Peer 1: 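To start, I am sharing the structure in question, which I have written as structure tokens.
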2 protein chains.
Amino acid sequence: MRPGTHRPSVPLEHRHVTRRIPQARDRGIPDATVARLPLYLRALNGLSERGTPTVSSEDLAMAAGVNSAKLRKDLSHLGSYGTRGVGYDVQYLIYQISRELGLTQDWAVAIVGVGNLGRALANYGGFASRGFRIAGLLDADPAVVGDRIAGLVVEHTDELESVIAGRAVSIVVIATPATAAQHVCDRVTEAGVTSILNFAPVVLNVPEGVDVRKVDLSIELQILAFHEQRKANGGPIMAEEWPGGVEQVNERSIGASS
Amino acid sequence: MRPGTHRPSVPLEHRHVTRRIPQARDRGIPDATVARLPLYLRALNGLSERGTPTVSSEDLAMAAGVNSAKLRKDLSHLGSYGTRGVGYDVQYLIYQISRELGLTQDWAVAIVGVGNLGRALANYGGFASRGFRIAGLLDADPAVVGDRIAGLVVEHTDELESVIAGRAVSIVVIATPATAAQHVCDRVTEAGVTSILNFAPVVLNVPEGVDVRKVDLSIELQILAFHEQRKANGGPIMAEEWPGGVEQVNERSIGASS
DNA sequence: TGCTGTGAAGTCTTTCACAGCA
DNA sequence: TGCTGTGAAAGACTTCACAGCA
């Protein structure tokens, strides 16, 4: 890719036969990159607040907790927004990443399930800050309906469809007990929602085209436990602990294959 | 794809000594696999509760929301716990995965920061269920200290080190405001903790050997927004949408030129 | 000179597809 | 026969290392 302009009007791809669309605007940003953009954005906002005008890939990477090669590669998927010898303009990069993530528009979010977690989410500041507006809080428990939380009155889940349609909700957060999650999920997808953030510890079944992201406390803890156990046992490097074969592990199978 | 056409022609491989330990019991379980084991465990527990004695990779994969090839490959890293022609014994597999994840022992967890989120976590049932025991709730706010939550009395963060040492806490959950997170992190790592679950929206700096897992609500929403925006724009398949250049994308950046 | 952008190499993960055992 | 376990291929992601522009 020549660094030149990213406008197809420039005649610079003489020999290279259509490789995969030159530099143009290949919208295929890798998932791994998308997942890190919010991190960069946060780091940039920190720099912005301190009035920093430009930042090098090295420094920004440091602030975001990644290495600089990865950061540069990630940003290169968005376009050529840096200046060689100088770095990136903080404000400009904030704008570009925000636009790429779709944060320059307003997203109406509904939270279903106003238990401890739902309340925590409703009160979570970082929510409203970045283009996400809580447009509805719903719960099935009549004892909770009517409560005022974070400036909103909790509505009954009977209203789910009308809230979604009436307030143009495009993202639904499910914070219900596990048993209710699939049902809520079915209703919101039926109502046209295609983005769901699920806190309930269940695997949701959704129609094609619906995006579900999951946050699962217990899974994170289990992953930590795995590594913690590993540290406790042998040293950091080893293979074949349990020399003899303690705890009959069904040795066979891979015995002498391959 | 194509059958015999693609031949790598064996480029390198001149003298690759010691590939990576034959197989024996190579304890190097891929991270991606470890991250899915809790999922399988949950699915298996569901089957167990319904009294299912054995399950095929196909069915278990379905219940866990992955494909069967991936599931078999994952399980193969633990050992050969299935029976060809039959499937996996549910109870036995539960035991093996639990053991691998270190869930057959008890883990003492301390939660620092008892705001909305901390309370939600303290009351989260899935917590205690799987070998994780909340051994302490701490907060810096005197107004909160002394409260009884989920059967525990909130202690002051001054007690952090003594709680960790005295109750053998090995995993700390940070649910403080962003500004306090790094300080708490420093103290707990100093106190010897090497596993941290961080809910504060900051990148924590930790010494070598310390594991940090992060749960970040706002990042999840931003990722959803990205995909939602993508759906709204062009169709699901395309490269170079915005043919003309709708939404003047600030061509310049580094001077539209080159 | 300093730092970005990026081919190329390296590593990790997923998927295929089938040998082989119950 | 049916289903696991697994090499091998394909694909995704990361890192290297450096050309080339400001």
Side-chain angles (χ1 to χ4, degrees), chain A residues 1-6 12 16 19-20 22-23 26 28-36 54-62 65-89 92-93 96 250-258, chain B residues 1-13 16 19-20 22-23 26 28-36 54-62 65-89 92-93 96 252-258:
Chain A
M1 315 306 199
R2 273 300 29 91
T5 108
H6 9 55
L12 44 68
H16 288 191
R19 203 192 327 203
R20 190 185 187 244
Q23 167 72 251
D26 184 339
I29 298 178
D31 286 347
T33 293
V34 172
R36 282 187 296 265
T54 62
V55 64
S56 68
S57 65
E58 192 67 51
D59 292 348
L60 181 53
M62 175 84 62
V66 303
N67 70 50
S68 65
K70 192 184 285 181
L71 178 126
R72 288 200 302 280
K73 182 68 101 183
D74 282 343
L75 294 185
S76 78
H77 290 296
L78 310 190
S80 280
Y81 297 144
T83 304
R84 290 166 201 243
V86 179
Y88 301 89
D89 179 278
Y92 186 57
L93 196 49
Q96 289 300 344
N250 273 359
E251 227 53 298
R252 67 286 189 36
S253 90
I254 43 176
S257 50
S258 80
Chain B
M1 300 312 197
R2 263 115 90 255
T5 29
H6 248 301
R7 228 55 232 250
S9 73
V10 193
L12 21 75
E13 289 302 335
H16 238 160
R19 212 222 322 256
R20 196 182 192 250
Q23 32 200 265
D26 183 340
I29 299 179
D31 286 347
T33 293
V34 172
R36 282 186 295 264
T54 62
V55 63
S56 68
S57 64
E58 192 67 51
D59 292 349
L60 180 53
M62 174 85 62
V66 302
N67 69 50
S68 65
K70 192 184 286 181
L71 179 128
R72 288 199 303 280
K73 182 66 103 182
D74 282 344
L75 294 186
S76 78
H77 287 108
L78 310 190
S80 280
Y81 298 142
T83 305
R84 291 166 201 244
V86 178
Y88 301 89
D89 180 277
Y92 186 57
L93 197 49
Q96 289 300 345
R252 69 317 182 353
S253 96
I254 43 174
S257 48
S258 68

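The shown structure was predicted, so the numbers you read here are calculated from the model rather than taken from an experiment. In what follows, chains are A, B, ... by sequence order, proteins preceding strands, each numbered from 1.
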Peer 1: Looking only at heavy atoms, what is the nearest atom pair of B:N67 and B:A61, with distance?
Peer 2: C-CB, 3.7 Å
Peer 1: Specify the closest pair of heavy atoms between B:D89 and B:Y92, including all atoms of both residues, with the distance to one decimal.
Peer 2: OD1-N, 2.8 Å
Peer 1: Rounded to whole Å, how long is the line connecting atom CE of B:M62 with atom P of D:dC3?
Peer 2: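 In whole Å, D:dC3 P and B:M62 CE are 13 Å from each other.
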Peer 1: Roughly how far, to the nearest 0.5 Å, is the CG atom of A:L78 from the CD atom of A:Q96?
Peer 2: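 Those atoms lie 7.5 Å apart.
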Peer 1: With a 4.0 Å limit, can you tell me whether B:N67 has a side-chain N or O closer than that to the phosphate oxygens OP1/OP2 of C:dT15?
Peer 2: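 Yes, because at least one side-chain N or O of B:N67 sits under 4.0 Å from OP1 or OP2 of C:dT15.
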Peer 1: Can you work out whether B:A69 or A:P30 has the more 5'-proximal nearest nucleotide on DNA chain D?
Peer 2: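 That would be B:A69.
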Peer 1: Separation of B:D59 atom CG from D:dT4 atom C1', in whole Å?
Peer 2: 14 Å
Peer 1: Could you state the atom-to-atom distance from CG of A:L60 to P of C:dG2 in whole Å?
Peer 2: 20 Å
Peer 1: Please enumerate all protein N or O atoms sitting under 3.5 Å from an N or O of nucleotides 18-20 of chain C, with distances to 0.1 Å.
Peer 2:
residue, atom, partner, partner atom, Å
C:dG20, N3, B:R84, NH1, 3.4

Peer 1: State the OG-CE distance between A:S56 and A:M62, to the nearest 0.5 angstrom.
Peer 2: 9.0 Å
Peer 1: Could you tell me how far apart A:E58 (CD) and D:dT15 (P) are, to the nearest whole angstrom?
Peer 2: 13 Å
Peer 1: Of all the nucleotides listed (D:dC13, C:dT4, C:dA22), which has the minimum atom distance to the side chain of A:Y88?
Peer 2: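 From the listed options, C:dT4 comes nearest.
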Peer 1: Applying a 3.5 angstrom cut-off to the pairing atoms, does DNA chain C sit in any stems of at least three consecutive Watson-Crick or G-U pairs? List them by first number.
Peer 2: C:1-22 with D:1-22
Peer 1: So which heavy atom on B:D74 is nearest to which on B:R36, and how close?
Peer 2: OD2-NE, 2.6 Å
Peer 1: Are OP1 or OP2 of C:dC3 and a side-chain N or O of A:S56 less than 4.0 angstrom apart?
Peer 2: no
Peer 1: Look at A:K70 and D:dT15 and indicate whether a side-chain polar atom (N or O) is within less than 4.0 Å of OP1 or OP2.
Peer 2: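 Yes, such a contact exists.
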Peer 1: Output the rounded distance in Å from NZ (B:K73) to P (C:dA17).
Peer 2: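 Going from NZ in B:K73 over to P in C:dA17 covers 14 Å.
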Peer 1: Nearest-Å distance, OH (A:Y81) to P (D:dA22)?
Peer 2: 17 Å
Peer 1: Starting at atom CG of B:L78, determine the distance to atom P of D:dG5, rounded to an integer number of angstrom.
Peer 2: 10 Å
Peer 1: What's the closest nucleotide to the A:S76 side chain, out of C:dT13, C:dG5, D:dC13?
Peer 2: C:dG5
Peer 1: Nearest 0.5 Å, what's the OG1-OH distance between B:T54 and B:Y88?
Peer 2: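 One gets 12.0 Å once the value is rounded to the nearest 0.5 Å.
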Peer 1: Under 4.0 Å between a side-chain N or O of B:T83 and OP1 or OP2 of D:dT4?
Peer 2: no
Peer 1: Could you state the NE2-C1' distance from B:H77 to D:dG5, rounded to the nearest angstrom?
Peer 2: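 Whole-Å distance recorded here is 11 Å.
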